[in-house]
Amino acid sequence: MTITRVGIRMMVTTSSSSPTEATPDLVQMGFSDEMFATLVDMGFSVEMIARAIQENGPNAETSVIIDTISKYTSNSEASSSKSKAIDHFLGMGFGEEEVIKAIHEHGEENMEQILNALLPGVVSEAQKLPVVKEEDDINWSESDDEIDYSSLMISDDEKDPDSSLKNDNRLRSLVKMGFSQLDASLALERCGENVSIDELTDFICAAQMAREFKEFYADPEEQKPRHDVKKRRVEIKREPRASTDDEPVRLPNPMIGFGLPNEPGLITHRSLPEIVKGPPYFYYENVALAPKGVWETISRHLYDIPPEFVDSKYLCAAARKRGYVHNLPISNRYQLQPPPKYTIHEAFPLTKRWWPTWDSRTKLNCILTCTASAKLTNRIRLALEAHPGEPPKHIKKYVIDQCRKWNLVWVGKNKAAPLEPDEMENLLGFPRNHTRGGGISRTERFKSLGNSFQVDTVAYHLSVLKDMFPKGINVLSLFTGIGGGEVALHRLQIPMKTVVSVEKTEVNRNILKDFWEQTNQKGILVELDDVEELSNNKIEELMEQFGGFDLVIGGSPCNNLAGGNRVSRSGLVGEQSSLFFEYCRILEVVREKTARMRRS
DNA sequence: TCTAGTATGAGTGACGAG
DNA sequence: CTCGTCACTCATACTAGA
């Protein structure tokens, strides 16, 4: 859970024989994203992984690495590392101290006894908050009804009393962990009686993922509920240990997440494991079109919550395909008013006059960090001027391709131009001049805007917080950028009591500070400059100072995930994108501290 | 030293023909 | 089902000039 790029680097560097050697990079080491994710997913600590690679060389096969790490654990040499068991239970949301204590008492291999020891701590919570699965607007529950429950229950006639009792306990344990009775029963039935609790939880998570992806994201008209659901379950049965790796994330079409108001297919309820129900709420964002396996990893590290993929073109005039993982409620969402302009011509009326009839675009593509050069727009002008009247087909194609690629709009006869920064601000839902002045260069504005949230989209998701926090909200904002989340909350008129913002770029910090002052915010703004320096102790101090955080919001760097990167699109192990694991670390600290603060 | 301008593909999914 | 085609993508690195 708390894997950091820094951690890997430090470990590898310190164990290197040559201190002057350049810091080895995971990629340079030939260490693939998948391999890393697989090992982490198996519960091995980063230290162990790094050590095993050092020992076996970068080109060693995964199985060799695993063997080596296994030796470490069997030799009990992992005292300084978090064991698989610790990671496993931390991943379930138990506190570190409790976990270590329980493992010490029962031994690392007795997972069930550890779990039972841990459960009383949450039982009271679970009893206070009985597991009531929210009613699904989609007919998942209906398809449940089709299942013959009696066949799932273990009859005393068929099973020996011990086995029955054991399963009964497991069923209760799973329910206490936040899974529905149905899911728990199904898992017990499908996985058999000799599997451990963690295998059962894996099975349920995989089934939930499969179910939610299939049903939440499928085109409503194309849904074939119970037939397909049953089929999927049979498939899972063949691979009871199937993790989410084996269930690739599919991007929905249309990419509307849980839906939009006044549009067909709106979903207003979903079931989340009890353990991730907020507060604290969290909201994580990144590019939808990441390399294969990335979203599976992200989802797995964020409590197996399926990402909500939304293309902002359904909310404004520019595309922005993003995935959001959050534990926010999804009922009673509402859009910001006034809604943004929906088409290019509405957003930029002056372009209509010059828009060629053969350019059929009504929406712009994604706003990126770079813009077209003057040379390019001049080439377009020359090409069109060479053919007065309707240009030939190949010229049209060239021009249209370039317009799509560089997001050009028509600002004069034969004159295509890239968007100006203030036009980007408009499309992204920021106030005019939000990024202007204060020492920021034009290029930096493009870069900051290209890396930002689309405010209307984020605000639509965050709107559910308004009724929940009428007196205001404490926000921990990671990778703040130009403050898309803060602007969204402000435009939703949700008072921000406290915002602790972490942002590395100085110009972006200045932008947020200016915004804070210009909008006469009454709350406190704390600006920090590096997530890696936000230690666990510091987080807890801040939480004690401000009374905890209600929302942890942020989109970690996409540099190594984005399609536009031709140099270092190395996935989640990339230098910048690996900061995702910092998000996980910080979120987990906030969650644990919140739980402790609520208990005391 | 800083800024702006410019060139630099590949990975991925959708779609349709065969 | 496979294959080819198409469209799209929160970018990086180098260079020239102020």
Side-chain angles (χ1 to χ4, degrees), chain A residues 27 32-34 217 219 222 248-255 284-296 298 309-313 316 318-324 360-361 363-379 397-398 400-408 418-421 424-425 427-430 435 439-455 457-458 479-485 503-508 554-572 574-577 579-580:
Chain A
V27 180
S32 72
D33 191 4
E34 290 78 5
Y217 298 128
D219 187 328
E222 289 175 12
V249 169
R250 286 184 64 83
L251 298 175
N253 187 15
M255 197 184 278
Y284 174 81
E285 180 257 14
N286 217 319
V287 290
L289 280 68
K292 274 183 180 172
V294 165
W295 275 107
E296 285 83 351
I298 290 173
F309 291 105
V310 183
D311 186 342
S312 295
K313 77 175 181 183
C316 71
R320 205 163 187 80
K321 297 181 183 70
R322 296 292 179 269
Y324 306 87
S360 59
R361 290 176 299 155
K363 300 277 184 181
L364 290 164
N365 280 336
C366 186
I367 290 171
L368 304 177
T369 55
C370 296
T371 52
S373 63
K375 214 176 202 173
L376 174 75
T377 55
N378 198 42
R379 277 200 293 266
K397 177 166 167 44
Y398 165 74
I400 291 288
D401 284 352
Q402 295 301 314
C403 285
R404 288 180 184 276
K405 182 177 178 184
W406 292 102
N407 243 356
L408 307 178
L419 293 171
E420 288 296 308
M424 292 185 180
E425 287 169 352
L427 287 168
L428 292 170
F430 288 92
T435 60
I440 186 169
S441 72
R442 190 178 152 84
T443 312
E444 284 171 325
R445 285 183 79 185
F446 284 126
K447 188 171 180 184
S448 292
L449 284 161
N451 282 305
S452 170
F453 284 168
Q454 205 287 326
V455 171
T457 309
V458 172
F479 315 104
T480 306
I482 57 175
E503 167 58 37
K504 198 156 197 171
T505 312
E506 188 183 357
V507 289
N508 287 345
S556 64
C558 66
N559 308 36
N560 310 114
L561 311 179
N565 188 342
R566 306 171 188 199
V567 181
S568 54
R569 196 185 185 190
S570 46
L572 276 179
E575 190 176 349
Q576 290 85 23
S577 294
L579 289 172
F580 161 71

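Here is how names work: the chains are called A, B, and so on, in the same order as the sequence lines, proteins then strands, and each is numbered from 1.
In this structure, the separation between CG on A/Asp311 and CD on A/Gln454 is 10.0 Å, given to the nearest 0.5 Å. For the atom pair A/Cys316 SG and A/Ile367 CD1, the distance stands at 7.0 Å (nearest 0.5 Å).
At the heavy-atom level, A/Glu444 lies nowhere under 4.0 Å from the strands shown. Counting any heavy atom pair closer than 4.0 Å across all strands shown, A/Lys447 reaches no nucleic acid atom. Within the nucleic acid shown, A/Arg320 comes within 4.0 Å of at least one base atom, counting heavy atoms only. A/Ser448 comes within 4.0 angstrom of nothing in the nucleic acid, heavy atoms only.
With rounding to whole Å, A/Asn560 atom CG is found 15 Å from C/dA13 atom C1'.
For the pair A/Glu420 and A/Arg445, the salt-bridge criterion is not met [side-chain N within less than 4.0 Å of a carboxylate O]. Ionic pairing of A/Asp401 and A/Lys405 is not present here: no N-O contact between side-chain nitrogen and carboxylate oxygen is shorter than 4.0 angstrom.
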Working for side-chain contact (heavy atoms from CB on, under 4.5 Å), residues A/Ile482 and A/Leu449: CA-CA 7 Å; A/Ile482 57 175; A/Leu449 284 161; 3.8 Å; yes

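Where DNA chain B pairs in unbroken runs of 3 or more (Watson-Crick or G-U, both distances under 3.5 Å), the stems are B:1-8 with C:11-18, B:10-18 with C:1-9.
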Got a list of protein N/O to nucleotides 1-8 of chain C N/O distances below 3.5 Å?
residue	atom	partner	partner atom	Å
C/dC8	OP1	A/Arg404	NH1	2.8

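Judged by distance alone, the side chains of A/Glu575 and A/Ser568 never bring a donor and an acceptor atom under 3.5 Å apart. For the residue pair A/Ser448 / A/Thr435, no side-chain donor-acceptor distance below 3.5 Å is found, with atom types taken as modelled.
DNA chain B is contacted by both A/Gly563 and A/Thr443; A/Thr443 maps to the nucleotide lying nearer its 5′ end (nearest heavy atom per residue). Annotation: of the two residues near DNA chain B, A/Gly439 and A/Arg379, the 5′-most nearest-nucleotide partner is A/Gly439.
Separating the C1' atom of C/dT9 from that of B/dG9 is a span of 11 Å, rounded to the nearest Å.
With ring centers used as reference points, A/Tyr284 lies under 6.0 Å from A/Phe580.
Where DNA chain B meets chain A (any atom under 4.0 Å from a heavy atom), the bounding nucleotides read 5' to 3' are B/dA4 to B/dC15.
With hydrogens and angles ignored, the 3.5 Å screen pairs a side-chain donor or acceptor of A/Asn407 with a backbone N or O of A/Asn365.
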